[in-house]
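Notes for the one structure printed next.
Labels below follow one simple rule: chain letters A, B, ... track the order of the sequence lines, proteins then strands, and each chain is numbered from 1.
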Amino acid sequence: ELSPAVVFDMGGKFDKSFNEGVWNGIERFKTETGVKYREFEVTNETQREQALRRMAQRGADPVLGIGFAQAPALEKVAKEFPETRFAIIDMVVDLPNVQSIVFKEHEGSFLVGALAAATSKTGKVGFIGGMDIPLIRRFACGYVQGVKHGNAKAEVLQNMTGTTPAAWNNPTKGGELARSQFDRGADIVYAAAGGTGVGVMQAAKDAGKLAIGVDSNQNHIHPGTILTSMLKRVDVAAYNVFKTAMDGTWKPGIQVLGLAEDGVGWALDGNNDKLVDAGTRAMMDSLRADIIAGKIKVHDYMSNNSCEG
Amino acid sequence: MSQAADVALLPPAIELVGIDKRFGAVHANRAVSLAVAAGTIHGIVGENGAGKSTLMNILHGFYQADAGEIRVDGTAIAVRSPEDAIRAGIDMVHQHFMLVSTFTVLENLVLGVKGGWRLAPALGRARRELLRLADEFGLEIDPDAVVGDLPVGPRQRVEILKALYRGARILILDEPTSVLTPAETARLFAVLRALKARGVTVVLITHKLREIMEITDTVSVMRQGAMVAHRVTAETDRESLAELMVGRKVPLGLDKQAARPGDVALAVRGLSVVDDLGVTRVDDVGFEVRAGEIVGIAGVSGNGQSELLAALAGMEPFPQGEVRFAGTVMTPALPGDPGDLRTRGLAHVPEDRLGDGVVGAFPAWENVILGYHDDPAYRRVVLIDRPAILADCAAKMAKYDVRPADPHLATHGFSGGNQQKLVIARELERAPSVLLVGQPTRGVDIGAIEFIHKTLLAMRDAGCAVLLVSVELEEIMALADRILVMFEGRIVGEVAGETADERTLGLLMANAAEGDGDGSR
Amino acid sequence: MDEHFLLAVLTLDATLRVATPLILCAMAGLISERSGIIDISLEGKMLGAAFAAAAVAHVSGSEWVGLLAAVLTGAMLSLVHGFACITHNGSQVVSGVAVNILMSGLTVTLGIAWFAQGGQTPGLGEAERFRPLLWPGTEALREVPVLGTLYRELLSGHNLLVYVALAAVPLVWWGLYRTRFGLRLRAVGENPEAVDTAGISVAWLRYRAVLLAGLLAGIAGAYLSTAQNGAFVRDMTAGQGYIALAAMIFGKWRPVPALGACLLFGFLDALAVRLQGVALPGVGEIPVQFIQALPYVLTVVLLAGFMGRAVAPKAIGIPYVKER
Amino acid sequence: MARGEAAPAWVGHVLVPLVNLALAFLVSGLIVLAIGEDPLEAVVILVRGAVGFEEAIGYTLYYATNIMFAGLAVAVAFHAGLFNIGGEGQAYIGGLGVGVALLAFDAHLPLPILLLISILASAAFGAAWAWIPGYLQARRGSHVVITTIMFNFIAFALMNYLLVNVLIQPGQMSPQSREFEPVAWLPFAHEALGWFGIQVTRSPLNLSLLWALACCLLVWLLIWRTRWGYRIRVVGGNEPAARYAGIDPAKVVIATMCVSGALAGFVGLNEIMGVQHRLLLNFTAGYGFVGIAAALMGRNHPLGIILASLLFGALYQGGAELAFEMPRITRELVVVIQGLVILFSGALEHMLRPRIEAMFRRPAPAGGEG
Ligand SMILES: Nc1ncnc2c1ncn2[C@@H]1O[C@H](COP(=O)(O)OP(=O)(O)OP(=O)(O)O)[C@@H](O)[C@H]1O
Ligand SMILES: Nc1ncnc2c1ncn2[C@@H]1O[C@H](COP(=O)(O)OP(=O)(O)OP(=O)(O)O)[C@@H](O)[C@H]1O
Ligand SMILES: [Mg+2]
Ligand SMILES: [Mg+2]
């Protein structure tokens, strides 16, 4: 009787990061509960509203919108269908029938930054973003703080892939950016660039350097090359939206998922356990605890549109 | 020609039997049959659009006939492509040259020749063979010249050499002389005679009946897609051929009154033109044209006539000199604007009608306003006045006998002669005070030539100053009141129209041209 | 100083890597356009070939079989293009756009159907990719100051397809200007009627030209997915086909200048990457978007400043129709 | 030859295109079949999704509006012999013009004036973005194909910079400007029709469709009924002839590129003022490129462009509907179908034409012109 629906954003459900994370979560929901969901992948700005409305019209409930770009459309449609439950990831829409889920990417990025600083032999690490947008700056800003926290003298090289939508799907450019950072002395590169990251990780592998994955656990892609992945548990979030709706425990409002909520984190598994020694693990655990406890304050770029806090 | 009677007895080298060809609804060839005896020169004449080129293109495999048979040396062969024709020894010099203008002569020569995949040996072989052929037939040419830089005469030589190099036994020439000077024509005919002497069969299409009489052994006449007559040349004459072609009597002479020159309408002083490559094409030229007279400019093509016309028409800036016309002065500092000159009464029939004078893709009615498109008579407020232009076009087509008289037909769908009439109608009907005309009858059939010549004379008599550039000496002599001879950008002589004869003019051009024998540069 | 030299060499090295697919595609476009057929579909052919290469290399376990598949894919798409615009006189631009759109969709569709990884192909192992070739003596020359670095970083250590791309340029040049086929190819792009009346088939010549173009674009695709990267990712060509087209025009439809243009694009790109986030003396840190636009701006400036009019082959884009 | 055409006009203009379209659908159907869906059902969903209900029609027309603008832009340039690949960038910058204008004035002025300003701004910005390539082509001989490709990239970089650093709504995650005041929203079709008492379902279709149709008419008038259009076509048809006729090709090239850019800029009007009501990234979504196909399929004639745009609009909307209704049909498969339609209806349009026309050919009038 529950008929959930999801509207993926332009990257598509197989974007190797964010949308794909959502997809993994709701696929798990489907296998666990046997409840099918409706889905749509938008291809232009206008389809967002169309798809959300179409879902609501078809009686879908809850309707999950993925990505900050869907906020205006979702706000409009949620007003039209006050009886339908909506949820949005990565953005706040303040309506009585909308659940907004946002992540503290900067906290997760801080952690992997600290790990990079601790692992780097050259004292230089890199960051590769997809496009220069606030969200990516938030990733970068958290990462830089983590690196500096681990090694105040460490240097962070930063690159953005491009200015067109292709920036999220350009492994070639990603690989080239990574190589340029390796050439300049970096030995660990953090990619927050969707499908572009595939090229970054490949380049790291080819050069015998390390890469850090993003969003979902990407450690398995090149075992031994991926230092870790900054986890942004959109899969859990998406799963929970559907699950709570099914259980009747769904609540509107804003959920901010950080380290404390296990919404973000770093991945340690069989693919990278040799790369992170016990001492470092302990350091990571204590850092995590410190952030949760508020002893370490990770500055959020979005709070003042600047990485200086 | 004593052997005239024997011609019919010789075995035919080519026979075309019942060739039929349609282009859409146009019946270009209607069951045409033709036999040409081996080792003879056969002429084909006919009005523009009669189907001559089509017939020869079928023989050469460029088009496929809908019906009919082609026999070479008595055996029927299938000619599905030019390759088949070339293999059978048939080659063709097309009406519009089939040359790659960015290639050198040598490269054009080896283009269609089979052989190894490397170019260098082929070019070497071609170079040697070219020298031999040049020697044998007097067809000198610089093998390394880029074809695009050559004047038309040498270009045509390349076409002929191409055919000879491929070992043609049957050579078709489609209007080869329409772009040649008399001297060049004479040399071409010498070559054709030499070929004939070596047993080559030649088919020659031309609009100039004088040439038919001069060189062919037999001649065929086509009209509206059908073959209307075969004649042994020696047994016919120009008048009867003309009548067969057009279907009516065509007077072959012009009756020209003496000119009554008025005031100076166009004055040129110290004019020089330099081209893109820095070569001086017009060198310190000065002359005057008076109202009511035709001044002819004769000369081997490529001696600056084109550039002179372009400069006078305001299309080409010039670094030196002064042109006065209708109260304006064009100087290097004050270059003319073709549009402005037109409104002051200058008309210009360009030499290269398809290249400069019309937009091929436009329907006829749109080309009839080219250059005059700003005329208020052609527009209502901002929009152009289509009905007015169409009516104007239809009137001009009727007056100048443009066929088909369809204003909506795309201009490249008209034959060259009819395109020419369109351009002439456009320029002449404005009653200009000065008229610049380049090669007004190039490639035009005799009916049309007669008409164009009459019209030009009428313009003169109405008080227009006409500057006529032509490589046809006959034409210049028939029309011009004064003749200037141009050589290497300079005016090397002036002859009064009534006293001029082909010999003196030719001598003037030839004497001057001595250093530049083959005209190639 | 030494470090700067090394960085400069590495930038040139990157230039070569980035320029490789551009060079292959520019040569492809050049052959096709010299024969009179506009090739806007370089992008699509490269994309299709990249997919085929990665998919087949993964399944067969051999990059060579992948390369073969890529080349075949390129050739097949060329046949489609040729069928539309040589046999049926269709618009060359429309046909090219169709191939591009078709490939953008088809690669992902097939990828999802075959590998269920969202249109991506599975990552390729070491043995399934074209790996860098180390030239003999690299180690021995290690200590030689300048030459050693140049040899090690710039000459040696690229994968085979990079060298193929570099070799393609003289080969194309030689083919175009020193063989009978090349002569005819150039002729048919200038004046197809002249070629036809010389007894040579215009269609067959042009088909061969587009097939060669497909082959080269195919190699470029294989380079993207099996050499430079280790998998196919949707739309991974990211507009490089168009850039190659621009480079070819920049090079005035001639092989060596086109190579120069590709290297220039590659260099500007590599340079821009390295300028990101670097504070320039006097100006401070320039916004990243401006650095990213730099290669394109410089191209326009160079084009406007140093290049005369580019004259395209005369018959380009015009279907060869004898009877209208 | 026009005179020789013996088959009835509807065969060439209606039947042949329909057969080509059917062929494209046939091949698409095979692919649909291969992935295990019912092709017939897919066609029904596609067609119904494109034109089957009010909202669908609205979306189809909305997409068609964008493609019309982009197609007209390509076509106008084509008539001057220019291949403007830069429609995408010009549309993007045109949208920037609208956005900046509305952000500046939306609080102060009434809709009609805002509309006027927006039309002017999109045209001016788009034209400016095309002016540079046009100028460089005319005066420096820089090939317009290269420069317009480059200007697409530059436009994206510029917009990215402006939205992220300058125009972004403060405190927002998303690189987009604030929403315009509602007074500055171009009325939607459903609102406009509502004024006349006609109730239709809401859709992004807005009054810019009327402007697009007006532009089609204006372009038609410009190209075929004014002397400026005449000049454009002379330059495109035969440049030496233009010089002969006293037309300065350089001026015409520059002016034509500006007109072309302005038309492309109107995509920004539809998107920014009509639909999104804010300035944001990537709103052009490739319309500039589809415009190339639409222009060429429409033979660079406004009427043809309208038809081609409707076809593409229907494919966009029907395709989305198809992806929505059939889980196994992904948006990429819809792209494949679009590609096949362009291939068969555009590039292969002459494949079956002679044969089909021959079937309907009336006997040629006796004794054709010879
Ligand atoms: N390629 C073609 N396509 C369609 N129709 C053609 C074509 N070539 C010739 N025609 C038609 O065939 C007829 C005969 O043309 P053809 O070129 O054979 O005439 P011609 O006798 O050579 O004329 P001219 O003296 O002007 O050279 C023309 O009236 C024309 O309508
Ligand atoms: N592409 C074409 N389409 C239609 N008709 C054509 C075409 N090309 C030539 N023709 C026709 O062929 C005939 C002769 O054409 P051709 O090209 O031989 O003329 P031309 O040599 O330029 O004419 P002229 O002998 O008058 O100089 C014309 O009547 C023209 O209508
Ligand atoms: Mg002819
Ligand atoms: Mg003729």
When rounded to the nearest 0.5 Å, the distance separating OG1 of T11(C) from CZ of R184(A) is 9.0 Å

What residues of residues 235-247 of chain C make heavy-atom contacts with chain A at a cutoff under 4.5 angstrom?
D235(C), M236(C), A238(C), Q240(C)

Counting heavy-atom pairs under 4.5 angstrom with chain A, the leader among R234(C), R17(C), Q289(C) is R17(C)

Quick check on V288(C) against chain A: is it the side chain, the backbone, both or neither that has a heavy atom closer than 4.5 Å?
side chain

Are Q181(A) and R274(C) close enough that some pair of their side-chain heavy atoms sits under 4.5 Å apart?
no

Taking it one step at a time, do F14(A) and I112(C) satisfy side chain to side chain contact (heavy atoms under 4.5 Å, CB included)?
CA-CA 10 Å; F14(A) 296 118; I112(C) 292 175; 4.1 Å; yes

Below 4.5 Å, heavy-atom pairs only: which of Q228(C), R131(C), R129(C) has the largest tally toward chain A?
R129(C)

Counting only non-hydrogen atoms closer than 4.5 Å, does D13(C) touch chain A with its backbone (N, CA, C, O), its side chain (CB onward), both, or neither?
neither

What residues of residues 157-180 of chain A make heavy-atom contacts with chain C at a cutoff under 4.5 angstrom?
Q158(A), N159(A), M160(A), T161(A), G162(A), T163(A), A166(A), N169(A), N170(A), P171(A), T172(A), K173(A), E176(A), L177(A), R179(A), S180(A)

Heavy-atom proximity to chain A below 4.5 Å, by part of L10(C)
both

Chain C contact via K13(A) - which portion, at a heavy-atom distance below 4.5 Å
neither

